[in-house]
**Q** 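My structure is below; once you've seen it, I'll send some questions.
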Amino acid sequence: MWRWTQILVAGGALGSFYALVALGFSLIFGVTHAFNLAYGEFILLSGYLAYFLWKSWGLPFYGTIPVCLVVMPGAALLLHLFLRRVRSPFEINSLVATFGLALVLQNLMLALFSADYRLIQPEAFPFLHLPATGLTITDKQFGLLTFSLAATLLVHLLLRHTFLGKALRATIQEREAAELAGINVNRMGWLAFAFGGLLIGLAGPMYGQTMYIYPAGGVEATLIAITITIFAGVGRTRSLLLGGWLVGLAEAAAAMWLGGSWKELVSALLLITLLVVRPSGLAGRDGNHKP
Amino acid sequence: MSVEHLAVCYHGAAVIQDLSLQWWPGKITALVGPNGAGKTTLLKAVGGLLRPVAGRIFFRGEAIETLPVWEVVRRGIAYVPEGMKVFPQMSVLENLEVGGYLDKTGIPSRLAEVFSIFPELQEKKRTLAGQLSGGQQRLLTLGRSLMSGPRVLLLDDPFLGLSPRLTARFHDTCRALMAKGLTLIIAGQHVARILKGADEAFLVEQGRITLSGPGPELLSHPHLQAILFDGNLP
Amino acid sequence: MGTISRKPYRKQNNFFCRFLASETWPLAAVVGGLLLAWPLCFPKADLYYQVLGMACFYGVLAMAWNILALAGGISLGHSAFFGLGAYGSGLLAHYQGWSPAVTIPLGAMVGAGYGVLWGIFFQRLRGVYFGLATLAAVEIPRVIIDNWGSFTYGSLGLVGIPGLPDLRLGAVEISLGASLRALYYFLLALMCLAGALHFWVMHSRWGWGLRAIRENEAAAAMLGVNVRRSFFLALLLSSFLAGLCGGLYAHLLGLIEPALVFSLHLSALPLVLSIFGGRFHFLGPLLGALLLYPLDQLVLQPYLPMGHAAIYGVVIIATIFFWPRGLTTCLSKRRRSV
Amino acid sequence: MEIANPGCRSAKSWPRVNSGRLQLSFRRSGLLQIILVLFVIMFAGSVGAGGKEVIRLGEINPLTGHLAQHGQEIHQGVVYAVEEVNAQGGIQGRPVKLCSRDDQSRPEIALNQAQELIFREKIAGLVGGYVDSLVAPVSELAARYQVPYVASASLQQALTRQRRNPYFFRVSRLDGIVEPLSRFIDEKLKARRVAILHIATPGSTEFAASLRDNLSKVGIAVPLLEKCRAGSRDFSTFLLKVKQAGVDILVSGGFYPDNLILVRQWREMRLPLKALVAPWGVAYQSFISTLGRASEGLLGMCAWNPGITWPGTEAASCRFVQGFRQRFGQEPNTTTMHGYTSARALLLALAQLASRAEPLTGPALSQALRKLEVVLPMEHLKFDEYGDPLYYRQVVVQIQQGRMVVVYPPERAKGWLPTAPSLAE
């Protein structure tokens with residue numbers, strides 16, 4: 001019984017983190033249609049920034065997050081500036097251009113930070129430990145859950161309950177109609193990159209703390225982001241979170257029953273099944289929304 | 001409002017060449033013509049969606065052809081696209097609110113106005129727009145355009161795919177809007193219906209204006225009939 | 001497309017005539033001639049045989065990918081076919097001891113069999129959704145092969161796969177296993193065959209049907225294109241070719257591992273090569289492979305051992321900026337019409 | 001009608017009639033020029049390479065990609081060995097030039113690069129290589145072109161046992177890890193039940209199978225043997241199973257990054273284990289400093305480390321550490337030493353050939369390597385008939401107060417803390 005609770009906690013924390021990683025990608029992709037394969041590299045950059053602030057300047061881990069939150073939107077806006085030069089067909093060309101950018105960034109990080117694996121704050125302290133049951137929630141899991149859920153909630157509130165958010169969603173759903181409603185879709189693009197940068201800024205330190213960072217590690221983060229995003233449909237925070245949990249829990253359950261090497265098969269099957277059954281994404285309420 | 005020597009290219013092909021015309025405020029102007037004549041392109045150029053390669057578009061004495069779309073909308077020109085361009089994952093209310101994006105303070109009053117014109121939208125204001133019927137989505141598209149408080153409405157094929165009853169309804173709405181001082185420019189395929197109600201009408205052929213005059217008068221013009229009805233009166 | 005026939009409405013069933021009528025045949029001839037002739041000047045340049053041979057090999061893979069892309073199926077999972085072809089062929093050679101001449105096509109059939117499954121399950125998916133499903137679909141054969149240790153040797157990989165046999169044409173013996181030059185000509189011939197197939201696909205009625213599907217499925221169906229069958233056939237051909245490459249790879253390298261043949265790299269490579277070269281032109285994927293791969297292997301790596309991948313990235317970015325529709329755009333005078 | 005799909009504007013243009021098919025436009029000839037220039041650059045290196053004076057040594061390592069960390073470490077070791085020889089005046093007065101290539105952690109690129117080294121640079125011998133899938137194709141090539149290849153880190157037994165390859169040598173072997181480890185688990189830890197985790201790579205998989213066989217021979221049960229994908233970021237579920245299985249020892253065949261996560265999650269979950277042993281990744285100073293106190297009491301394995309050296313080579317080892325520190329500004333570790341040792345072996349064989357004034361051909365060099373016997377800081381190096389190192393044996397180290405202390409074999413042991421101190425204090 002407690003074992004299952006433990007799996008639930010581990011899977012839930014990881015799943016929330018997946019959702020956090022996917023949020024920024026989803027927002028940027030939805031609003032600007034930029035298929036950003038260098039997304040993971042930006043998370044790594046943010047992670048490296050946090051790592052060096054923590055390591056060399058002795059900043060506490062949670063102290064590095066504000067710095068990343070300031071720096072990364074700038075980097076994301078630079079990326080937007082870069083991608084604005086990409087011509088149509090935008091989606092596929094941005095994919096290839098960012099593939100090239102990812103290569104450049106990977107080598108840049110290799111030269112700057114060396115190939116070593118970095119881990120922020122490796123020591124763990126239990127946040128909640130019930131010796132009788134064996135249930136343990138570590139401070140990292142707790143932090144991961146809190147920050148991921150808080151970020152998701154904030155993005156949700158932004159998109160659902162502010163006027164700006166409505167404009168962003170309108171741009172995601174029907175770009176031309178949004179333009180005709182007087183929305184400056186250009187500015188929405190900048191905003192999406194800025195918000196995406198904020199989310200990258202948050203996800204980076206979390207990534208460096210939960211997992212390790214190394215120059216070639218961005219691909220994994222990008223894959224998580226793409227998977228969850230298309231899993232859930234673009235610009236839907238709730239289904240993103242749901243998708244993250246589903247993947248996290250499915251992986252944990254697969255590792256439990258079948259063994260760690262079957263994890264990917266289970267999440268792949270889950271993903272394919274969902275795609276085939278619900279092509280418009282998780283919890284997709286189908287209107288005339290074209291995939 | 002006037003268009004002077006306009007030329008617009010679409011995917012490299014010149015769709016409109018050297019087209020000039022004038023619209024008078026507070027009237028219904030019709031643009032008719034065969035498929036591919038450039039009606040939609042003209043409306044899109046005026047609405048700011050396409051940038052002309054040559055020529056000028058004046059609105060209240062100001063050249064607007066290089067302005068981005070939202071600036072054009074801010075000046076009071078609203079292009080209502082053909083088809084159903086709603087935000088499918090947003091509620092009807094949200095759709096309308098987004099329509100008033102440029103002037104947030106005016107939203108409540110204009111919302112009331114739109115709901116008075118289209119009461120069925122008020123009934124369904126919590127429904128997702130994607131779940132509305134086709135006709136309702138058209139109404140919503142129009143309603144959303146009205147939310148920006150336009151002076152000029154550019155309606156692109158507004159009757160496409162609507163039932164006759166709804167078409168009549170739509171037409172009445174247009175009249176009512178005109179009575180409120182709006183300028184309407186209607187382009188479309190339902191030539192007879194459009195021309196009958198138009199104060200002023202233009203025939204567009206291959207990117208040029210070939211005929212102009214009051215709507216009913218134009219309808220009976222032999223050239224127009226030759227082109228659009230193969231000589232048979234509808 | 002840049003190579004459409006000069007008189008498209010006259011019936012031209014002979015594809016050779018169509019090829020001669022296309023405006024790029026001089027370039028194809030120059031490239032082909034260069035590839036054919038340079039070994040005469042440098043008979044001992046084994047390195048170049050290897051690298052250019054592999055470039056031809058990747059050209060075939062890129063064309064396999066492009067056939068599906070022509071129908072709008074941007075696949076991110078072609079390494080699934082590649083890996084299945086490699087394992088199918090490798091395992092047959094290992095257990096049955098058959099000649100590669102038999103096992104490679106059979107391996108390709110295994111890849112195509114997986115393509116059939118895609119065709120059944122992914123028939124409703126398009127665009128990004130198709131791409132994502134294909135990305136996930138790589139994991140299924142990979143994990144199964146990785147865990148089925150008793151049959152596939154799992155993560156240990158399959159070692160000791162026999163090399164390509166010697167070909168005997170009358171009195172002439174071509175030893176593909178021992179001579180890199182022979183291997184190079186073999187791969188070049190394979191590439192030319194695949195290139196001809198690619199040309200045929202792009203310029204046949206079926207190919208135009210595939211384009212129509214990519215642009216607008218409903219409209220294509222109204223034009224009389226059997227959307228499902230056409231797309232399915234494209235998938236089948238594409239997966240077969242990718243599987244063929246995989247089978248060949250197993251025998252070229254002599255060892256395969258799940259992580260090696262089902263890698264993301266192999267899925268991404270044909271996409272990058274095709275888009276770099278231009279995916280709307282029958283020469284595009286080919287040129288992409290023939291330029292990009294040797295550029296990296298022969299120029300960037302030796303001169304810049306540490307930073308070559310970054311330069312590679314810069315080249316890709318520059319291409320997207322200056323030739324957004326691929327290098328072959330500069331083949332036709334009016335870019336937008338390619 | 002408008003087309004929504006942005007990827008596909010092309011078919012808008014329907015077949016158009018065009019003229020002048022033979023006339024090459026400027027753009028087209030531009031492309032041709034690019035192609036020609038590239039061809040010239042590609043072939044430029046093939047002429048005039050390979051001087052008489054310089055001895056060229058080839059090196060292929062994963063300098064980028066997911067194996068980059070260890071590839072870079074081996075690379076540094078090789079660079080150091082070559083520079084050391086050059087500082088002493090080269091081989092019989094002839095300087096050694098190192099030609100390094102990156103295989104991007106991909107075998108077929110390793111093949112290309114090896115060929116480039118053999119044909120364009122005309123190297124005398126090859127060193128480097130990190131995992132078996134990267135080493136194996138290069139070893140085949142070495143045999144085909146008769147260029148001796150001394151692999152720095154390769155374990156898979158099939159590479160030497162299955163196929164007699166007279167041009168392939170390596171400075172490490174799997175037995176040198178599994179044997180001391182299983183004896184340590186049996187004799188020192190007195191384990192009854194052991195869980196083994198390994199990564200889906202050939203080396204790690206073979207290690208796990210071989211260790212299980214060895215352990216069951218001495219009557220130790222292995223109730224849990226699990227495989228994980230390389231780069232797995234979450235072992236918490238696996239650790240739950242470990243807990244369920246009631247084992248006292250956990251052996252991790254994971255690499256450096258896998259062990260980072262595994263150890264941390266083990267600590268977090270407060271799993272009662274007598275010991276966690278990991279042959280790879282733990283016995284690195286950087287691992288210890290990254291994990292900090294969480295690494296205390298961990299067991300790792302290494303062939304060499306600063307302060308841990310083959311008996312009788314203390315002075316040479318010390319010189320190496322100091323020289324390396326000066327050159328690269330960082331500490332050498334066991335991987336660096338593997339690179340250094342492999343390069344040393346090749347250089348020593350070259351020197352022997354040169355001192356006898358024999359030509360530096362592949363077969364002669366292979367003979368010299370076969371006869372080579374030398375005591376180096378990492379091992380007493382002598383190749384057996386298969387090209388495997390005869391005396392390669394790793395030691396088990398325990399991390400005590402942030403330092404590595406040898407705990408097995410007994411003749412080299414320095415101290416042993418029988419229980420793993422838990423982190424909570």
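Note that the structure is a prediction, hence the values are computed from the model and not measured.
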**Q** Given a strict heavy-atom distance threshold of 4.5 Å, which part of D/Leu291 is in contact with chain A: side chain, backbone, both, or neither?
**A**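 The answer is both parts of D/Leu291.
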**Q** Measure A/Glu220 against the heavy atoms of chain D and call it side chain, backbone, both or neither at under 4.5 Å.
**A**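 Just the side chain, heavy atoms under 4.5 Å.
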**Q** Which answer fits A/Ala115, side chain, backbone, both or neither, if we ask what part of it has an atom under 4.5 Å from a heavy atom of chain D?
**A**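 Answer is both: backbone and side chain atoms of A/Ala115 are under 4.5 Å from chain D.
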**Q** Run through A/Phe99, A/Phe29, A/Phe35 and flag the one making a side chain to side chain contact (heavy atoms under 4.5 Å, CB included) with A/Ser94.
**A**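 Output: one option passes, namely A/Phe35.
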**Q** Report which part of D/Ser236 has an atom under 4.5 Å of a heavy atom belonging to chain A: side chain, backbone, both, or neither.
**A**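 For D/Ser236, the side chain is the part near chain A, not the backbone.
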**Q** Can you see which heavy atom on A/Pro205 is nearest to which on A/Ser46, and at what distance?
**A**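 Taking every non-hydrogen atom into account, CD-OG, 3.4 Å.
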**Q** For residues D/Pro62 and D/Tyr130, report the shortest heavy-atom separation together with the two atoms involved.
**A**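 Here D/Pro62 and D/Tyr130 meet closest at CG-CB, 3.8 Å.
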**Q** Relative to chain D, which segment of A/Leu119 carries a heavy atom at a distance below 4.5 Å: side chain, backbone, both, or neither?
**A**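 Its backbone and side chain both get close to chain D.
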**Q** Would you kindly check if the NZ (Lys) or CZ (Arg) of D/Arg233 is within the cone defined by 45 degrees around the ring axis of A/Tyr212 and under 6.0 Å from the six-membered ring centre?
**A**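 Yes; both conditions hold, so D/Arg233 lies above the ring face of A/Tyr212.
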**Q** Within residues 68-78 of chain D, which positions have a heavy-atom distance to chain A below 4.5 Å?
**A**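 Residues D/Ala68, D/Gln69, D/Gln72 are the ones that qualify, each having a heavy atom under 4.5 Å from chain A.
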**Q** Considering all heavy atoms of both residues, which atom of A/Thr98 and which atom of A/Leu37 are nearest to each other, and what is their separation?
**A**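 A/Thr98 and A/Leu37 have their closest heavy atoms at OG1-N, 3.0 Å.
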**Q** Between A/Phe147 and A/Phe17, is the ring centre distance below 6.0 Å?
**A**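 No - the distance between ring centres of A/Phe147 and A/Phe17 does not fall below the 6.0 Å cut-off.
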**Q** If you count heavy-atom pairs under 4.5 Å between each of A/Asn107, A/Leu14, A/Asp116 and chain D, which one has the most?
**A**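 Counting heavy-atom pairs under 4.5 Å, the top option is A/Asp116.
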**Q** For the residue pair D/Ser252 and D/Asn259, confirm or rule out a side-chain donor-acceptor distance under 3.5 Å.
**A**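 Note: D/Ser252 and D/Asn259 side chains meet the donor-acceptor criterion.
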**Q** Non-hydrogen atoms of chain D under 4.5 Å away: do they reach the side chain of A/Gln106, the backbone, both or neither?
**A**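 Looking at A/Gln106, nothing touches chain D.
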**Q** Looking at every heavy atom in both A/Ala221 and A/Gly40, which two are closest together, and how far apart are they?
**A**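 Heavy-atom minimum between the residues: CB-CA, 3.8 Å.
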**Q** Would you say D/Ser286 and D/Tyr256 are linked by a side-chain donor-acceptor pair, where the criterion is simply a distance under 3.5 Å?
**A**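 Yes, side-chain donor-acceptor contact under 3.5 Å.
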**Q** Does D/Trp266 have its ring centroid less than 6.0 Å away from the ring centroid of D/Phe235?
**A**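 No; D/Phe235 has its ring centre 6.0 Å or more from that of D/Trp266.
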**Q** Non-hydrogen atoms of chain A under 4.5 Å away: do they reach the side chain of D/Gln265, the backbone, both or neither?
**A**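 For D/Gln265, there is no contact with chain A at all, as no heavy atom is under 4.5 Å.
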**Q** Which one of A/Gln141, A/Arg118, A/Glu251, A/Met256 has the most heavy-atom pairs closer than 4.5 Å to chain D?
**A**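 Of A/Gln141, A/Arg118, A/Glu251, A/Met256, A/Met256 has the most heavy-atom pairs under 4.5 Å with chain D.
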**Q** So which part of A/Tyr207 gets closer than 4.5 Å to some heavy atom of chain D, the side chain, the backbone, both or neither?
**A**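 Interface part for A/Tyr207: side chain.
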**Q** What's the spacing between A/Ile213 CD1 and A/Tyr117 OH if we round to 0.5 Å?
**A**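 A/Ile213 atom CD1 to A/Tyr117 atom OH measures 12.5 Å (nearest 0.5 Å).
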**Q** Which atoms of A/Asn93 come close to chain D, meaning under 4.5 Å heavy atom to heavy atom: side chain ones, backbone ones, both, or neither?
**A**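 Looking at A/Asn93, nothing touches chain D.
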**Q** Answer yes when D/Glu59 and D/Arg101 have at least one side-chain N-carboxylate O distance shorter than 4.0 Å, and no when they do not.
**A**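 Answer for the salt bridge query: no.
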**Q** At a heavy-atom separation under 4.5 Å, does D/Leu197 approach chain A through its side chain, its backbone, both, or neither?
**A**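 No part of D/Leu197 comes within 4.5 Å of chain A.
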**Q** Between D/Leu224, D/Ile199, D/Asp234, D/Leu67, which shows the greatest number of heavy-atom pairs under 4.5 Å with chain A?
**A**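 Among D/Leu224, D/Ile199, D/Asp234, D/Leu67, the one with the most close pairs to chain A is D/Asp234.
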